[in-house]
Amino acid sequence: MAARTVWAAGRCSEQAGAVNRAVRRLPGLTQVRWSRYGPEFRDPLTDKGHCRKPAAELTEEEKYDQDLGKTQLIKAAPAAQTCSAFADPVISKSTNMMMKGGSKVLARSLMAQTLEAVERKQFEKYHAASAEEQATIERNPYTIFHQALKNCEPVIGLVPILKGGHFYQVPVPLSDRRRRFLAMKWMIKDCRENKPRRTLMPEKLSYELLEAFANKGPVIKRKHDMHKMAEANRALAHYRWW
Amino acid sequence: TSKTMLKGVRKLIPRVHKLDPGCLLRMSTQAPRSIQLPVQRPRAICRTPESDPAKHGDMHEGQHYSIPLQDLKTIFPHGLPPRFAMQVKTFGEACLMVRKPALELLQYLKNTNFTHPAVRYLLYGEKGTGKTLSLCHVIHFCAKHNWLTLHVPDAHLWVKNCRELLRSTYNKQRLDQPLEASTWLRRFKTTNEHFLSQIKVEEKYIWNKRESTEKGSPLGEVVEQGLMRVRNATDAVGIVLKELKRQSCLGRLQLLVAVDGVNALWGRTTLQREDKSPVAPEELALVHNLRKMVDNDWHGGAIVLTLSQTGSLFKPQTAYLPHELLGKEGFDALDPFVPILVSNYNPKEFESSFQYYLENNWLQHEKAPTEEGKKELLFLSNSNPGQLERLCAYL
């Protein structure tokens, strides 16, 4: 993943080398985000299977790659990157969003307690249910987490656009990243604000996740409210120029 | 023919390494009938149907046996560690693993000489290795064999976070803890209901101007008095301990004293008097009486103790050895004792634990049942039982 530089004008450049040369030539442009690594640095590998392949199975390209890797410089791996079998990008993202003040240890333990709480609640329901219902009850906390967040993603969003001195809420299509971000943000915000005093985050978050999995609850309601507002403001859709 | 048999057995041994270590349980007990090994890998056994702790032996090592839930309520009204209690509630069954330290202790207890002074056994080990659950295994055995179990689930609860400290009526220098004493008495009554009517008190005890317990009345009356009048609960506990010691010396019953976190009795407390002066543990009547109980000046039973750093006060996190946690005073008071080390899981036990969680569908992550997942769990937990349980909880 090469480091992307974002220009003040909004264009993206292909390679960091070309970017540096362009900066030196054109005095009007400045680099907004930059990396300490030069273009000769490679990204670190996390794929364990890649390193363990015996020499006979490597293709020509892979052999060349490996030989090149012995002499080339490699960037330091970020702290959150793992080769763990249990690493989940969605869970990592939610943990980072729940983190306050940089205490990743606390955020991770809260996430672990949430998943445990979800699993225990589902097990209780499973043991109390009859044989036909047991087939429908989902006990995997990871599937519940992913499905709940998918159910909370809005399809269309609202963006404030300035026209004639007033801001109008204009319905706008959202990218996948924005939708996932909004789902997680609403979930975490709801758990922080609307809870009775002295309830812990894992307890509240597990409850909200199970409700969202069943398509009920305040976060789903917020998504529907967003859709209704977008529907109501559909006359303003032509204010969008992109 | 014996030479060919030996050759056959030797051919068998290198191949056995490729199977699960749990399979060795079955393979070693059967005679090698044929050289042909089964095509599929046989499933490792992690459970045993033997639910009587007296019959547990080396062949059951690494396997889980289940305690009926009805027995749990009478034998362990308070004694299970919180995470294990959650697991019992989730799975609907209480399964303990049979491990070497517990088997060793059971062997010693089966061979106790009731005429010799009570031997003290001390379970020690690093955090999360299974000291409390080994103690629970031993208590289950003693309860099944009609011993009177005196179980203090966590001595640390008596030296910290006490809401009410009263000046003792019996001895002006000491302090009473009515709440802790009454909860303990209630649970003692649940466990040993059938003994309370049989044991008769040997002395007359006067509680106040109007109430007294006559000599020869059953011990149940003392317990009732302690539960009714909460002010006298600590003195009732002291009387119960004294009477039980006397009765076991007379040979009328077999007594097991089981204390978890015994290092609390000789450490420091976080309690303060009204004038904010600190309270030493010997000034607490409950601790004073328990220290006398843990002394080996009586016979007719055994004393099983556990060290615990988890609830301890003013002790570093890495301390787990007896002299580190007990201090000089405690070590001298408990000397001589039989130390029993409880360590992390060996590969067979780890495999058994892993299979147990798989059977109960506790490991829900897709990668968890794979070889890769198992290796990662082994690495992350370092075969520590407590850590493994916490990791498997969210996977």
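Numbers restart at 1 for each chain; the letters A, B, ... are given by sequence-line order, proteins then strands.
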Engineer: Kindly check if the number of other-residue, nucleotide or ligand heavy atoms within 6.0 Å of CZ (Phe41(A)) is above 12?
Structural biologist: yes

Engineer: Heavy-atom count around Lys93(A) NZ within 6.0 Å, excluding the residue itself: above 12?
Structural biologist: no

Engineer: For the CZ atom on Phe314(B), are there more than 12 heavy atoms of other groups (residues, nucleotides or ligands in this structure) within a distance under 6.0 Å?
Structural biologist: yes

Engineer: Between chain A and chain B, identify every pair of one donor and one acceptor N or O atom lying under 3.5 Å apart.
Structural biologist:
unit_1, atom_1, unit_2, atom_2, d
Ser84(A), OG, Glu376(B), OE2, 2.5
Ala85(A), N, Glu376(B), OE1, 2.8
Glu116(A), OE1, Arg83(B), NH2, 3.3
Glu116(A), OE2, Arg83(B), NH2, 2.9
Arg120(A), NH1, Met86(B), O, 3.4
Arg120(A), NH1, Thr90(B), OG1, 2.9
His127(A), NE2, Thr90(B), O, 3.2
Asn140(A), N, Gln364(B), OE1, 3.4
Asn140(A), ND2, Gln364(B), O, 3.0
Tyr142(A), OH, Tyr394(B), O, 2.9

